[in-house]
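This one's a predicted model, so the numbers in the text were calculated from it and none came from an experiment. Throughout, protein chains are lettered first and strands after them, A, B, ... in sequence-line order, and every chain is numbered starting at 1.
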Amino acid sequence: MTNLTSEQDKKSLNFIEQIVETDLQQGLNDGRIQTRFPPEPNGYLHIGHAKAICLDFGIAQKYKGICNLRFDDTNPVKEDVEYVDSIKEDIEWLGFRWANVYYASDYFKQLHDLAIRFIKDGKAYVDEQTSEEIAKQKGTPTTAGTDSPFRNRSVEENLDLFEKMTKGEVADGKMVLRAKIDMAHPNMHFRDPIMYRIITSHPHHRTGYQWKVYPMYDFAHGQSDYFEGVTHSLCTLEFEVHRPLYDWYIDQFADSSYRPKQREFNRLNLTYTVMSKRKLLQLVEEGLVSGWDDPRMPTLCGLRRRGYTPKAIRDFVDKIGYTKFEALNDISLLESAVRDDLNKTAQRVAAILNPIKVTITNYPEGTTEPLLAENNPEDPNAGMRRIEFSRNIYIERDDFMENPPKDYFRLSLGKEVRLKNAYIIKCTDIVKDENGNVVEILCTYDPDTKSGMPQANRKVKGTLHWVSAHNCIDAEVRLYDRLFVVENPSDDERDFRSLINPDSKKVMTGCKLEPCLRDAKPMDKFQFIRLGYFCVDKDSKEGALIVNRTATLKDGWKKK
RNA sequence: UGUCUAAUGGUGUAAUGGUAGCACAACAGGUUUUGGUUCUGUUUGUCGAGGUUCGAAUCCUCGUUAGACAACCA
């Protein structure tokens with residue numbers, strides 16, 4: 001019987017794990033497992049990267065190998081140290097540790113030597129055409145390309161010209177080094193791919209102006225993998241067509257049977273958001289969001305500020321899996337992952353976002369009364385805390401209705417409701433302003449129904465949360481919702497910026513919170529009872545608390 | 001009229017020739033001092049057509065549909 005259970009609990013392997021296990025069984029690369037996470041330091045990491053990180057580091061962990069962090073910094077025009085630091089921070093926050101930090105720029109010399117070897121072997125040549133001419137000669141996916149007039153230069157001339165490029169004697173864009181493969185190859189990437197281009201105008205964030213030529217992705221990535229001893233080079237599906245070239249380059253110079261293996265998995269797409277670095281950058285630069293860490297952003301720093309936990313993100317990634325099918329994942333799965341985690345860990349606390357005053361008319365004026373409240377019913381070790389009751393309290397405006405529908409079991413005229421951890425109260429009257437808006441609710445309480453007393457067990461349909469007017473604190477609460485109004489903004493013919501949800505951020509001021517939140521620090525997480533999960537924002541100042549809504553609670557009662 | 005890849009409920013994912021399962025979502029009910037949590041149940045699926053086989057989501061053939069590739073980006 002126990003056997004059966006453990007059998008059922010055993011999670012099936014994803015296709016990458018299956019490949020790894022097969023490789024291990026066959027003794028590939030001496031049974032060594034080594035992966036790498038290879039971000040380009042040109043932007044902030046988002047949840048799509050988290051999926052790659054979980055796989056790269058996860059595979060290494062699971063199969064007792066190592067995973068290195070390697071910055072793919074071969075294009076100084078786009079890259080910056082700012083991103084290097086944030087990337088490291090985000091990976092560590094997610095809960096992963098790299099064995100080593102490497103940079104593709106560490107290999108510039110090796111790569112350059114290798115390029116010279118290619119030239120000497122007659123496998124590379126310097127082309128002096130413009131990028132337009134080269135593009136034109138490339139052909140199309142269905143028609144063959146044509147050879148460059150510079151394709152058959154002598155080795156000596158190529159060596160000489162590449163040397164001039166390297167020394168900075170040639171202007172940007174005037175020459176490139178190309179691999180000499182096959183301009184008619186059915187795989188476009190084999191049509192004499194560019195290996196090196198000249199960049200003298202931008203300093204590299206690590207090597208400054210030392211280099212005038214920089215390797216292209218295809219000539220840098222696989223070779224770096226090889227230099228490092230990577231066994232499984234995992235990347236996303238769009239690199240599938242690059243794989244034959246990845247293998248070709250390595251086959252040209254490999255001097256042993258060791259081979260890194262590139263395998264591709266599906267990238268993460270989420271509903272109601274965008275994942276492309278370009279679009280995220282645009283949102284930031286055009287001020288459509290408040291920054292890379294705007295809590296609506298799918299960036300790791302944004303999710304962190306929103307109140308997401310590393311565990312929630314890892315659990316989510318684990319649930320969506322790795323396949324070769326280009327999927328669009330429902331954001332509600334992410335939300336359920338964070339609720340699941342926070343439900344077990346977040347302290348419960350009362351907060352009134354849209355307060356309305358309630359006066360308990362038969363409760364003595366000027367007195368307060370201590371009560372006990374559970375910190376977390378899901379965690380027996382979380383303990384209790386003291387709260388205080390008084391004659392004047394606040395409840396949520398939504399928790400009172402003058403003309404309620406039948407299935408409304410909150411407060412309304414003549415009806416009873418329980419105040420969480422306190423008494424059962426009955427609404428006796430309401431006070432309206434000159435416009436007819438309810439401004440105050442008058443109630444009586446039943447002294448025999450204090451929580452813990454026998455009479456408190458009386459059946460009452462609804463339970464409301466509340467705060468006492470005498471000691472509650474004011475706060476700003478920021479309510480976040482999905483950033484876009486359509487499921488898949490990237491698949492819409494309209495400009496994605498016009499699809500931003502105007503209600504994606506609502507700022508509520510004058511919210512009333514339980515006094516125990518007075519000393520809350522940024523990143524502290526709470527469940528506001530009956531409302532959702534919230535996280536203290538870094539914008540908070542002494543005495544001016546700001547709280548972000550991470551996610552609502554699941555709502556079993558939706559008003560039409 | 002190219003190369004590569006893929007297609008399982010609404011969404012995502014498992015089943016590796018032998019009972020199509022899980023999660024999310026939705027719905028119904030039990031419990032509940034959170035309309036939360038939890039528990040129980042329900043609805044919905046193998047892209048199509050052939051073939052191999054005692055038996056096909058799985059293998060083969062031909063289609064269909066979708067995605068990636070024509071940056072001096074990664």
Mind checking [X] for me? I need base, sugar-phosphate or nothing, with any heavy atom below 4.0 Å counting as a touch.
{"X": "His189(A)", "value": "sugar-phosphate"}
{"X": "Tyr214(A)", "value": "nothing"}
{"X": "Thr271(A)", "value": "nothing"}

### Task
Report the relative orientation of the aromatic rings in Phe219(A) and Tyr249(A); use parallel for angles under 30°, tilted for 30 to 60°, perpendicular for over 60°.
perpendicular
### Task
Name the orientation class of the two ring planes belonging to Phe71(A) and Tyr103(A) (parallel below 30°, tilted from 30 to 60°, perpendicular beyond 60°).
parallel
The side chain of [X] lies closest to which of these nucleotides: [options]?
{"X": "Lys324(A)", "options": "rU5(B), rU32(B), rA70(B)", "result": "rU5(B)"}
{"X": "Tyr217(A)", "options": "rA74(B), rU13(B), rU34(B)", "result": "rA74(B)"}
{"X": "Lys78(A)", "options": "rG36(B), rC73(B), rU33(B)", "result": "rC73(B)"}
{"X": "Pro377(A)", "options": "rG36(B), rG35(B), rC73(B)", "result": "rG36(B)"}
{"X": "Ala327(A)", "options": "rG12(B), rA74(B), rA15(B)", "result": "rG12(B)"}
{"X": "Arg410(A)", "options": "rG35(B), rU34(B), rU13(B)", "result": "rG35(B)"}
{"X": "Asn266(A)", "options": "rC4(B), rU34(B), rU13(B)", "result": "rU13(B)"}

### Query
Using a 3.5 Å cut-off on both pairing distances, which stems of three or more Watson-Crick or G-U pairs include RNA chain B?
B:2-7 with B:64-69, B:10-13 with B:21-24, B:26-30 with B:38-42, B:47-51 with B:59-63
### Summary
Assert: residue with more 5' nearest nucleotide on RNA chain B, out of Ser451(A) and Glu326(A), is Ser451(A)
#### Entry: First of Arg418(A) and Asn14(A) reached from the 5' end of RNA chain B, by closest nucleotide
Asn14(A)
### Message
Are rG35(B) and Trp557(A) stacked, with the base six-membered ring and the side-chain ring centres under 5.5 Å apart and planes under 30°?
### Response
yes
### Task
Verify the contact: side-chain N or O of Arg70(A) to OP1 or OP2 of rA74(B), cut-off strictly under 4.0 Å; return yes or no.
no
### Message
Between Thr74(A) and rA74(B), is there a contact of a side-chain N or O with OP1 or OP2 at under 4.0 Å?
### Response
yes
### Summary
side-chain hydrogen bond (donor to acceptor under 3.5 Å, both in side chains) with Ser233(A): of Arg36(A), Lys261(A), Gln262(A), only one passes, and it is Arg36(A)
### Task
Please determine if Arg70(A) and Glu228(A) form a salt bridge, counting it only when a charged side-chain N lies under 4.0 Å from a carboxylate O.
yes
N/O contacts under 3.5 Å, protein versus nucleotides 21-26 of chain B?
residue, atom, partner, partner atom, Å
rC24(B), O2', Ser332(A), OG, 3.2

### Message
Looking at every heavy atom in both His46(A) and Met275(A), which two are closest together, and how far apart are they?
### Response
NE2-O, 3.0 Å
